[in-house]
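I have placed the structure first, in the form of structure tokens, so that the comments after it can refer back to it.
Nothing fancy with the numbering, it's 1 onward along the sequence.
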Amino acid sequence: MPEQLDLNLLRVFDALLQDGSVTAASERLHLSIPATSRALGRLRRAMHDPILVRAGRGMAPTPFALRTAPRVRSLLDEASALISADRELSVADLKRTFTIRINDGVAVTLSAAAAEATAAIAPDVTLRFVAEGSESIEALRDGSVDLDIGATDVTAPDIRDDLLYREQIVGIVRADSPLGKHRRPTLSQLCEYPHVSASRRGRARGPLDDVLDAAGLHRRVAAVVPTAAVAALLVSTSNYVGLAPQRLAEQYGRALGIRWFRIPGLPDIEVRLLWHARLDADPAQRWLRETIRAALDTSRTTSDLPHSDSPR
């Protein structure tokens with residue numbers, strides 16, 4: 001008779017894939033090593049796959065196991081939500097890893113505040129932040145990503161979304177740049193200096209170019225970097241003009257030695273929180289979403305570094 005899968009076996013599978021070791025998985029599951037090893041044997045028979053294979057001194061998951069892991073995690077999340085939907089959540093006792101896909105411009109101001117807020121009341125919860133590589137909602141559907149935070153425009157019947165905040169993109173220059181002497185540089189003045197563009201897709205053109213086109217102006221992009229944080233670092237050590245989320249400029253302006261200023265015509269960005277509908281009833285997920293929203297209040301700190309919009 002074929003080996004049957006149950007939730008306990010799936011939990012073993014999930015632990016083995018997270019830890020890559022029978023010993024570590026047994027500790028996570030509070031099972032003996034022999035019991036975990038027997039469970040791995042049952043999984044191999046049921047799935048017709050080795051699941052884990054020797055790789056040097058350790059073990060590595062098979063391609064089948066890697067493909068299957070997100071679906072198993074999704075099933076376990078659904079089962080947890082079903083069982084705990086009507087129960088009060090004990091956050092202090094929560095042991096869980098949440099995977100959050102996040103835009104880099106948002107991550108530099110939100111991730112630390114979210115991690116600190118989480119650790120303060122749920123010390124055994126781990127927030128695993130991963131960079132955007134693709135905005136595919138399949139990662140939310142298969143459970144490989146729990147939450148997606150960024151400037152996204154996804155619409156699907158099984159995807160829930162919530163507006164976290166609206167972000168203004170501002171210009172940034174080094175504190176001692178000649179442009180920093182102006183309260184609000186003109187578009188013509190901006191075009192007198194080389195620019196750095198932040199784009200993980202390697203694009204030199206962005207919304208600022210549309211504003212300049214309308215004014216009959218053109219800027220020279222001297223460098224393209226993958227993230228807003230790298231752009232801010234480059235600006236802090238050069239005469240380049242850059243763009244950054246206002247929260248980033250406010251929070252790190254003093255440390256980086258940069259000034260920021262508003263550029264009329266640049267559109268605001270909506271930063272949204274996305275999750276799959278199956279997680280609506282999961283108390284742990286609801287708590288995480290509420291914690292992230294609350295962390296926004298603490299991440300909004302205004303730098304006291306003078307900038308072009310500050311009174312002098």
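Val125 has its side chain within reach of Phe98: a pair of non-hydrogen atoms, C-beta onward, lies under 4.5 Å apart. Looking only at side-chain heavy atoms (C-beta outward), Asp104 and Val230 stay at 4.5 Å or farther from each other.
For Arg293, the CZ atom sits in a packed shell: over 12 heavy atoms of surrounding residues, nucleotides or ligands are nearer than 6.0 Å. More than 12 non-hydrogen atoms from other residues, nucleotides or ligands lie less than 6.0 angstrom from CZ of Arg205.
Atom CG of Leu110 sits about 10.5 Å away from atom CG of Asn103, to the nearest 0.5 Å. How far CD1 of Ile159 is from CD1 of Ile137: 4.5 Å, rounded to the nearest 0.5 Å. In this structure, CD in Glu270 is found 9.5 Å from CG in Asp161, a value given to the nearest 0.5 Å. Asp49 contributes atom CG, which lies 8.0 Å from atom CZ of Arg67 (distance to the nearest 0.5 angstrom). Between the CG atom in Leu10 and the CZ atom in Arg71 there is a gap of 11.0 Å [rounded to 0.5 Å].
Each of Ile169, Leu208, Val170, Leu212 was scored for a side chain to side chain contact (heavy atoms under 4.5 Å, CB included) with Ile263, with one residue passing: Leu208.
Here salt bridge (Lys or Arg N to Asp or Glu O under 4.0 Å) pairs that include residues 226-245, with residues two or more places apart or in two chains, number zero. For residues 16-25, every residue pair satisfying the salt bridge (Lys or Arg N to Asp or Glu O under 4.0 Å) rule, not counting sequence neighbours, is listed here: Asp19-Arg28.
Among residues two or more places apart in sequence or in another chain, the side chain to side chain contact (heavy atoms under 4.5 Å, CB included) test is passed with Thr126 by Thr97. The side chain to side chain contact (heavy atoms under 4.5 Å, CB included) search around Ala222 returns Pro194, Arg220, Tyr240, not counting sequence neighbours. Evaluation of the side chain to side chain contact (heavy atoms under 4.5 Å, CB included) rule for Val91 yields Leu89, Ile121, Ala122, Trp287 as partners, not counting sequence neighbours. The side chain to side chain contact (heavy atoms under 4.5 Å, CB included) check on Ala119 picks up nothing, with sequence neighbours excluded.
Between Arg166 and Asp268 no salt bridge is recorded (no basic side-chain N to carboxylate O distance below 4.0 Å). Salt-bridge check for Arg96 with Asp282: passed, with a basic side-chain N closer than 4.0 Å to an acidic carboxylate O.
Judged by distance alone, the side chains of Asp280 and Trp275 do bring a donor and an acceptor atom under 3.5 Å apart.
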